[in-house]
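I have placed the structure first, in the form of structure tokens, so that the comments after it can refer back to it.
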Amino acid sequence: AQRVTQPEKLLSVFKGAPVELKCNYSYSGSPELFWYVQYSRQRLQLLLRHISRESIKGFTADLNKGETSFHLKKPFAQEEDSAMYYCALSDDFNKFYFGSGTKLNVKP
Amino acid sequence: GAVVSQHPSWVICKSGTSVKIECRSLDFQATTMFWYRQFPKQSLMLMATSNEGSKATYEQGVEKDKFLINHASLTLSTLTVTSAHPEDSSFYICSASRRSNTGELFFGEGSRLTVL
């Protein structure tokens with residue numbers, strides 16, 4: 001069953017523009033939601049998690065249980081934000097499931 | 001801290017042979033390790049979850065006799081692709097969570113397997 005959906009494979013924005021990477025999930029239990037990022041030629045790394053409610057590198061994400069969404073947002077995109085972004089869900093058994101990823105391209 | 005290392009990073013083998021990929025947590029104890037498979041331009045597909053000292057739990061559709069996973073210690077898990085075939089060619093990524101279980105996964109750099 002598809003637990004995490006990222007509808008956009010590629011998102012291109014200009015530097016300084018707002019960006020929103022969409023993520024929807026389906027899970028009947030109490031999931032934890034994360035955003036992982038993979039910069040060019042680097043390994044996946046945690047960007048942020050919903051329980052922390054923190055802003056990392058200007059990014060924020062709010063868990064909306066009604067809409068089962070966990071969209072990632074940043075008001076002003078920077079060129080260094082260009083990367084692959086993966087939304088992930090951790091289930092009641094601490095297994096992690098990833099979305100298909102969205103490639104963010106921030107143009108100068 | 002929290003470094004996960006995979007070895008080898010790239011391996012080429014002949015069809016029918018077996019290949020072992022190692023995943024090590026270098027500076028922490030990993031109570032749980034996860035093995036993922038990633039196809040080009042696709043998501044990471046969870047293959048199995050391994051806990052130290054116990055049998056791995058495989059996801060539906062993943063052949064446990066084909067993909068042998070061993071988690072012998074708190075710092076090492078291995079994935080052995082047995083009797084490899086060209087369709088097993090893929091990028092295999094391991095990740096680990098710490099004993100403290102903050103909910104964060106730490107990823108290895110991945111291993112690319114090419115089966116001729």
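Chain naming here is simple, since letters A, B, ... match the order of the sequence lines and numbering starts at 1 in each.
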Pairs involving residues 70-86 of chain A, ordered by first then second residue, that meet side chain to side chain donor-acceptor pair (under 3.5 Å) (sequence neighbours left out): Lys74(A)-Asp81(A), Tyr86(A)-Gln38(B)

Can you say whether Lys103(A) sits under 4.5 Å from chain B via the side chain, the backbone, both, or neither, judging by heavy atoms? neither

According to a hydrophobic-cluster definition based on side-chain heavy atoms being under 4.5 Å apart (Ile, Leu, Val, Met, Phe, Trp, Tyr only), do [X] and [Y] belong together?
X         : Y        : result
Ile93(B)  : Leu79(B) : no
Val19(B)  : Met33(B) : no
Val62(B)  : Phe34(B) : no
Leu113(B) : Leu68(B) : no
Leu11(A)  : Phe70(A) : yes

For ring-ring contact (aromatic ring centres under 6.0 Å, His included), just list the numbers for Phe98(A) and Tyr36(B), CA-CA rounded to whole Å, side-chain angles, deciding distance to a tenth of an Å, and then say yes or no. CA-CA 10 Å; Phe98(A) 287 78; Tyr36(B) 290 87; 5.3 Å; yes

Measure the [atom1]-[atom2] distance between [X] and [Y] for me, rounded to the nearest 0.5 Å.
X         : Y         : atom1 : atom2 : result
Glu59(B)  : Tyr97(A)  : CD    : OH    : 3.5 Å
Leu105(B) : Arg49(A)  : CG    : CZ    : 10.0 Å
Phe106(B) : Leu46(A)  : CZ    : CG    : 8.0 Å
Arg41(A)  : Glu109(B) : CZ    : CD    : 15.0 Å

Taking non-hydrogen atoms and a cut-off under 4.5 angstrom, which of residues 43-51 of chain B neighbour chain A? Ser43(B), Leu44(B), Leu46(B), Thr49(B)

Can you list the residues of residues 84-92 of chain B that sit under 4.5 Å from chain A, counting heavy atoms only? none

Would you check if Phe107(B) and Gln42(A) make a side-chain contact, meaning some heavy-atom pair closer than 4.5 Å?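 When only atoms from C-beta onward are counted, Gln42(A) and Phe107(B) do not touch, as no gap falls below 4.5 Å.
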
Using non-hydrogen atoms and a 4.5 Å limit, figure out which bit of Gln60(B) sits close to chain A: side chain, backbone, both or neither.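 Nothing of Gln60(B), per the 4.5 Å heavy-atom cut-off to chain A.
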
Tell me, yes or no, whether the heavy-atom count around Lys15(A) atom NZ, taken from other residues, nucleotides or ligands under 6.0 Å, exceeds 12. no

Are more than 12 heavy atoms, taken from residues, nucleotides or ligands other than Lys55(B), located less than 6.0 Å from that residue's NZ atom? no

Members besides Phe76(A) in its Ile/Leu/Val/Met/Phe/Trp/Tyr cluster (side-chain heavy atoms under 4.5 Å):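 Besides Phe76(A), the cluster holds no residue at all.
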
Polar side-chain atom of Arg43(A) near backbone of Val4(B) as donor-acceptor pair, under 3.5 Å: yes

